[in-house]
Amino acid sequence: GQVTGVSLLAVSRGKNTPDFIIIGAQKSGTTWLWDMLDQHPETSLPSEKEIHYFGSSELYSKGFDWYLSYFNGLDPRKIIGEASTSYFYDRVPYWYNKSAQIEFDDALPLLPDLISQRLPDVKIILVLRDPVYRAISAYFHWMKQGKISPSLGLKKVATEQPKRRILEYGFYAKWLRAWSESVTSDRLRIILYEEQIKTNPEKTLADIYEYLCLNPGFRPESPDKPVHRSWGWTRIVFNYYAGKFPGNLGNSKIGAFLDRFDILSYQAIKAQDIEFLRSVYLAEKNELKNITGNQLKCWDYGDKMLRKLRST
């Protein structure tokens, strides 16, 4: 990408390096943002959005040239970037360890430091979404895979299968603490999904374009179209017990039918699930307000959903 001091060694060797990285948060609109950046005529982005090089000890061990190979063939005169939601973390974990627990490669620096050392001028973009709803979305994401029994429930899956990081990716204050110590404020742009992307996507995009030195006047197609179509709980249950029969329910007429008549939706999330998530995330709300400088009034931490569940 544009040479702003970013990994001058790599540039001198004729290697493209990213000008920006979207680091997270997972299930917070990063794919939508990536698509909007990909449409801009002044960007040149790799076909693979999530490389996860810095987010996995095993992938990091493949070497920096392996990482840079993803940017081969891109236009160096344009803005280059990547988006890996595993980067919004502090330590670098192992991905393929046999333990059910998260284990870390403590021989490596903290993840934000690792990125800053390799890419000292790269711009960081972070999208934050109400952590309660983000965790629910992450839970549904894993349940769509058809490998976890729907009878377990969110709390049990989140606590007993920590490597899925359903809870972990929502500890925003903890991860931001690490990132703020490693990256100067002018290199870190935080976007609140509900306040900016959902409410005013065009202005949000213009601001991001300008931040990345792109023409802020460009208007991409369908900036308000949902990227991922979520499954209803009935489809998730059917997919699990039917052994993914017939074919891919994600695109089938049966799947659409099950979503239309989502008769099992009441089983998906229970009031105690919301209470549990609130107890986990409200504990760091004040610290997060201080770090972001935002009162987070656009987040209710699942309160509306909880009141609705209690009334039924």
Side-chain angles (χ1 to χ4, degrees), residues 1-4 6 16-52 70-85 87-88 115 119 121-130 133-134 137-138 141 172 176 179 183-231 250-251 256 292-299:
Q2 293 188 346
V3 181
T4 55
V6 178
N16 285 332
T17 59
D19 301 296
F20 74 88
I21 301 176
I22 302 171
I23 62 170
Q26 184 206 59
K27 310 309 294 181
S28 298
T30 59
T31 300
W32 175 87
L33 180 57
W34 177 261
D35 289 347
M36 297 304 104
L37 288 168
D38 195 27
Q39 287 189 44
H40 201 291
E42 295 166 12
T43 65
S44 184
L45 303 183
S47 56
E48 193 159 340
K49 172 196 164 208
E50 304 209 20
I51 303 171
H52 295 298
Y70 279 88
F71 308 108
N72 286 347
L74 300 181
D75 189 340
R77 297 165 300 178
K78 296 184 177 184
I79 294 294
I80 291 169
E82 67 130 323
S84 297
T85 54
Y87 297 170
F88 189 42
I115 291 178
L119 303 165
D121 291 327
V122 73
K123 291 182 177 180
I124 303 298
I125 300 172
L126 173 65
V127 186
L128 297 180
R129 176 186 179 187
D130 185 316
Y133 297 107
R134 193 220 65 82
S137 181
H141 166 80
Y172 300 155
L176 265 175
W179 273 95
V183 176
T184 53
S185 59
D186 61 311
R187 283 180 48 219
L188 176 62
R189 181 61 58 94
I190 300 172
I191 303 165
L192 294 187
Y193 172 79
E194 293 85 352
E195 189 175 87
Q196 291 163 274
I197 291 178
K198 199 172 180 182
T199 306
N200 199 339
E202 287 199 355
K203 183 183 184 306
T204 300
L205 280 177
D207 290 345
I208 290 296
Y209 288 159
E210 192 166 8
Y211 170 62
L212 296 177
C213 302
L214 299 166
N215 175 11
F218 174 73
R219 291 288 176 265
E221 289 181 30
S222 307
D224 54 356
K225 189 175 76 174
V227 178
H228 296 301
R229 235 182 150 69
S230 58
W231 286 18
N251 302 312
T292 61
N294 190 297
Q295 290 302 301
L296 306 177
K297 291 180 180 178
C298 60
W299 294 351

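Basis for what follows: all heavy atoms, side chains included, without hydrogens, waters or symmetry-related copies.
- One distance of note links CD1 of Ile191 with CD1 of Ile208; it measures 3.5 Å at 0.5 Å rounding.
- A heavy-atom distance below 4.5 Å is not found between the side chains of Thr30 and Gln26.
- With Ile21 as reference, Val122 is the one residue of Leu126, Ile125, Val122 to meet the side chain to side chain contact (heavy atoms under 4.5 Å, CB included) rule.
- A 4.5 Å side-chain heavy-atom check between Leu192 and Thr292 finds every atom pair outside the cut-off.
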Test side-chain contact (heavy atoms from CB on, under 4.5 Å) applied to Leu176 and Leu188, step by step: CA-CA 10 Å; Leu176 265 175; Leu188 176 62; 4.1 Å; yes
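- A heavy-atom distance below 4.5 Å is found between the side chains of Glu221 and Gln39.
- Counting only heavy atoms from C-beta outward, the side chains of Tyr211 and Lys123 approach each other to under 4.5 Å.
- Glu48 contributes no side-chain N or O that, together with a main-chain N or O of Tyr70, makes up a donor-acceptor pair within less than 3.5 Å.
- Side-chain atoms of Asp130 and Leu296, non-hydrogen and from C-beta on, never get closer than 4.5 Å to each other.
- In this pair, His52 and Tyr87 present their aromatic rings perpendicular. The plane angle is above 60°, beyond the 30 to 60° band.
- Side-chain contact, Asn294 with Glu195: a donor N or O sits under 3.5 Å from an acceptor N or O.
- Counting only distance, with no hydrogens or angles, the side chain of Ser137 and the backbone of Tyr133 share no donor-acceptor pair below 3.5 Å.
- Considering only heavy atoms from C-beta on, Asp19 stays 4.5 Å or farther from Thr43 through its side chain.
- Side-chain contact check for Leu205 versus Trp32: some heavy-atom pair is nearer than 4.5 Å.
- At least one side-chain heavy atom of Phe71 sits less than 4.5 Å from a side-chain heavy atom of Ile51.
- Remark: Ile79 CD1 to Leu37 CG distance equals 10.5 Å, nearest 0.5 Å.
- To the nearest 0.5 Å, atom CG of residue Leu128 and atom SG of residue Cys298 are 9.5 Å apart.
- With hydrogens and angles disregarded, no donor-acceptor distance shorter than 3.5 Å links the side chain of Asp75 to the backbone of Ser44.
- Ring planes of Phe20 and Trp34: tilted class, angle from 30 to 60°.
- Among the candidates Asp35, Thr31, Asp38, the single residue satisfying the side chain to side chain donor-acceptor pair (under 3.5 Å) test with Lys49 is Thr31.
- Side-chain atoms of Thr204 come within 3.5 Å of backbone N or O of Gln196 as a donor-acceptor pair.
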Lys27 and Thr85: CA distance, side-chain angles, deciding distance, side-chain contact (heavy atoms from CB on, under 4.5 Å) verdict: CA-CA 9 Å; Lys27 310 309 294 181; Thr85 54; over 6 Å; no
